[in-house]
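Below is one structure; the comments refer to it alone.
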Amino acid sequence: MIMPAAESLSSRHLIGIEGLSPAEIELLLDLSDHYVDFNRSPNKKGDALRGRTIINVFFENSTRTRTSFELAGKRLGADVINISPEVSSVRKGETLLDTALTLDAMHADLLVVRHPESGAVGLISQKVRCSVVNGGDGAHEHPTQALLDALAIRRRKGRLSGLVVAICGDILHSRVARSNMILLRTMGAEVRLVAPPTLLPTEVERYGVSIHTDLLEGLKDADIVMMLRLQQERMRGSFVPSTAEYFRFFGLDSIKLSMAKPDALIMHPGPMNRGVEIDSDVADDINRSLIQEQVEMGVAVRMACLDLLTRHLRGNKGPAE
Amino acid sequence: MKRIFFQNARILDPASNLDVVGGLLVEGSIIADFGPHLDKAPADADVIDCQGLCLSPGLVDIRVHLCEPGEEHKETIDGLSAAAARGGITTVVGLPNTDPPIDDAAVVEFVARRAREVRGVKIFVYGAATRGFDGKRLTEMGLLKEAGAKAFTDGDVAIADAIMMRRVLSYASGFDALVIQHPEEPTLTASAVATEGEYATRLGLPAAPSAAEVIMVERDMRLVEMTGARYHAAHISTGAAAKEIAAAKRRGLDVTADTAPVYFSLNETELLEYRTFAKLSPPLRSEEDRRAIVQALKEGVIDIIASDHWPQDQESKRLPFAQANPGTVGVETLLPVSLELVHRGEIELLDLLAKLTVNPAKLLDLPGGTLTQGGPADIVLFDIDRPFCIDADSLSSKSKNSAFDGRPVQGLVIVTMVDGRLVYDGRKTG
């Protein structure tokens with residue numbers, strides 16, 4: 001795909017993959033590559049964001065994503081603080097927008113927000129002066145996860161375009177799936193969704209993806225197998241009858257994986273339910289599993305996002321060296 | 001290999017629209033050949049002289065209550081098999097409302113093992129659609145299907161909750177599995193034992209409007225349209241529901257329906273004298289609805305006739321009407337009562353037989369249901385004209401609760417064969 005190189009993002013927020021151009025995605029991934037190398041070097045402390053304040057506002061529990069953002073901010077030299085309004089002001093009855101305005105009044109330069117309701121992060125971004133990065137909102141988007149997945153794939157396969165990616169599992173409740181579908185389709189990959197029909201949202205084929213209710217069929221000749229977490233808390237309900245049946249038909253093991261290409265790679269956004277959606281011998285296969293690499297890519301991608309979104313504050317200086 | 005030759009039979013095969021006089025040769029467990037060209041018995045074959053009587057695929061009855069496990073005092077797998085064989089049935093499919101219910105693959109395997117031991121008619125089962133028929137939790141349909149469950153249903157309980165029915169249909173469609181509904185809106189039928197109308201009013205029985213059936217079918221059709229699932233409406237008993245099924249078929253939905261002989265041969269007047277043997281689920285309807293069901297059979301709106309065989313012991317039936325259990329035994333009366341439609345000139349014989357053989361076999365992907373070279377020798381020989389009175393006391397079934405006791409009918413089963421084995425032979429007694 002030939003596209004004009006982008007030098008900055010067209011929006012000061014990163015709310016979703018939706019709306020990003022292929023060039024913007026390439027820009028983010030290229031810069032992320034730079035930060036992967038940076039993170040692997042002995043001196044991991046940059047100063048591009050020195051004096052900047054980043055607030056991680058997590059209305060929903062998270063360890064992995066919050067830590068990743070925190071590390072990203074600190075490695076760029078920013079002051080990073082974390083707050084969990086769920087257990088503070090919200091309990092005292094403060095509305096979402098009041099919380100947002102309070103944070104804005106503290107002169108944060110960037111907010112990273114995660115919220116259990118779809119659209120809530122976008123709503124906050126409309127009310128504050130600083131940049132907002134979506135750390136995951138409801139079942140809507142989780143853009144940095146999709147970017148880190150794309151980075152992990154691109155580094156191993158050399159490209160995104162033309163690859164066959166099977167996204168398997170609880171698509172219905174997954175913001176990761178939505179962001180990934182958009183990104184992968186934008187970059188020219190073929191995307192297949194594999195799930196029981198009860199875990200597929202209506203008209204999801206409109207993303208330009210194909211639908212499979214048979215895992216073997218969906219995995220056939222795939223380059224990438226992306227497993228999603230089955231939300232255990234929803235398991236016993238009426239979406240899926242049991243973990244035993246789910247694992248039998250939709251869990252990834254080495255036999256089912258043999259349907260995919262011999263060099264197919266396995267991904268999982270974590271945290272994994274071993275024995276539910278993925279068998280340990282597949283998850284831990286160092287030759288096939290990208291799961292640990294995804295975590296590493298996460299920090300680099302988030303550094304790239306923080307860097308790019310704050311450049312206008314710094315007279316468009318380049319990345320941290 | 002053992003060879004059995006049916007000589008001089010009127011061979012009827014609804015699947016191929018065949019109605020000819022000829023012979024049929026069984027070798028081992030399969031049909032080796034049949035047709036008018038077979039007029040002489042091979043030298044080494046046992047010969048059954050059919051004397052021009054009807055020879056058709058064995059009946060496939062897709063709705064029976066097994067009673068075993070859990071209610072062996074009402075019926076056992078052995079007893080069911082013997083009664084079905086006597087009724088000309090070669091394959092039955094049992095509902096999952098046993099105790100324990102068939103909501104676990106182990107129970108499917110239990111029934112399959114019992115059927116192998118009994119070695120009578122072929123016995124298959126449905127899996128429950130929700131665990132313990134609670135209408136809230138999906139069953140392991142994939143594992144149940146692998147174990148042999150033929151479709152999914154909550155038996156005589158409607159899957160009432162709309163979101164749950166949607167998920168049942170949706171989840172089943174992932175395994176290309178059929179969902180069978182007992183269509184009745186339970187909030188309307190809660191304590192009802194009869195259909196609303198003059199008879200229920202005069203008898204003073206708690207009754208529900210017949211619309212309870214079509215209300216559930218209408219809702220289900222919307223959900224089927226939404227999910228693209230395969231759906232079968234069991235024992236349709238009202239003209240309104242039949243109309244709704246017809247409309248759904250015209251819209252191209254993958255929908256089928258069955259009815260039971262009671263709904264095209266009896267009406268609510270049977271309830272007079274508080275006859276608990278005529279207490280059924282759904283309850284008997286008006287004469288107008290009965291006629292509508294006959295019409296729906298004629299027009300092909302209703303694809304299948306199933307017995308709805310439901311044994312009940314004396315203790316469950318000799319009770320005040322409202323307290324008695326619903327149900328009638330039906331496997332032994334399925335054929336003669338259905339043949340009334342032919343004798344009255346309502347339906348062509350092959351058309352009727354299709355609803356008792358090939359249609360149900362195709363719907364559930366069951367063996368038999370048609371006569372084919374190399375196919376299983378599942379066959380019934382019957383005398384279509386032989387008159388007799390149904391006598392509940394002389395039925396094979398362990399339970400004698402027949403709604404048809406005393407009814408004069410025509411059409412007696414002479415021989416029933418399953419996989420080349422004679423599972424019923426009435427030549428000596430007949």
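Here is the naming used below: chain letters follow the sequence lines, and residue numbers restart at 1 for every chain. What you see is a predicted model; the values in this text were computed from it and never measured.
Considering only heavy atoms from C-beta on, B:Arg131 comes within 4.5 Å of A:Ser242 through its side chain.
Within a 6.0 Å radius of NZ in B:Lys243, no more than 12 heavy atoms belonging to other residues, nucleotides or ligands are found. For A:Glu18, the CD atom is loosely surrounded, since the number of other residues' heavy atoms within 6.0 Å does not exceed 12. Counting non-hydrogen atoms of neighbouring residues, nucleotides and ligands closer than 6.0 angstrom, the NZ atom of A:Lys261 exceeds 12 such neighbours. The environment of CD1 in B:Ile163 is crowded: more than 12 heavy-atom neighbours from other residues, nucleotides or ligands sit within 6.0 Å. More than 12 heavy atoms of other residues, nucleotides or ligands lie within 6.0 Å of CZ in B:Arg251, so this atom counts as buried by the packing criterion. For CD of A:Gln292, the number of neighbouring non-hydrogen atoms (other residues, nucleotides, ligands) closer than 6.0 Å is 12 at most.
To the nearest 0.5 angstrom, B:Glu140 atom CD is 9.0 Å from A:Phe249 atom CZ. Here the straight-line distance linking atom CD of B:Glu146 with atom CD of A:Glu245 works out to 8.5 Å at 0.5 Å rounding.
Taking every heavy atom of both residues into account, B:Ser170 and A:Thr198 meet most closely at OG-N, 3.5 Å. What you find for A:Val240 and B:Leu138 is that their closest heavy atoms are N-CD1, 4.1 Å. A pairwise comparison of heavy atoms in B:Gly174 and A:Thr213 identifies O-OG1, 3.6 Å as the closest pair.
The residue among B:Arg167, B:Met164, B:Arg166 with the most heavy atom pairs within less than 4.5 Å of chain A is B:Arg167.
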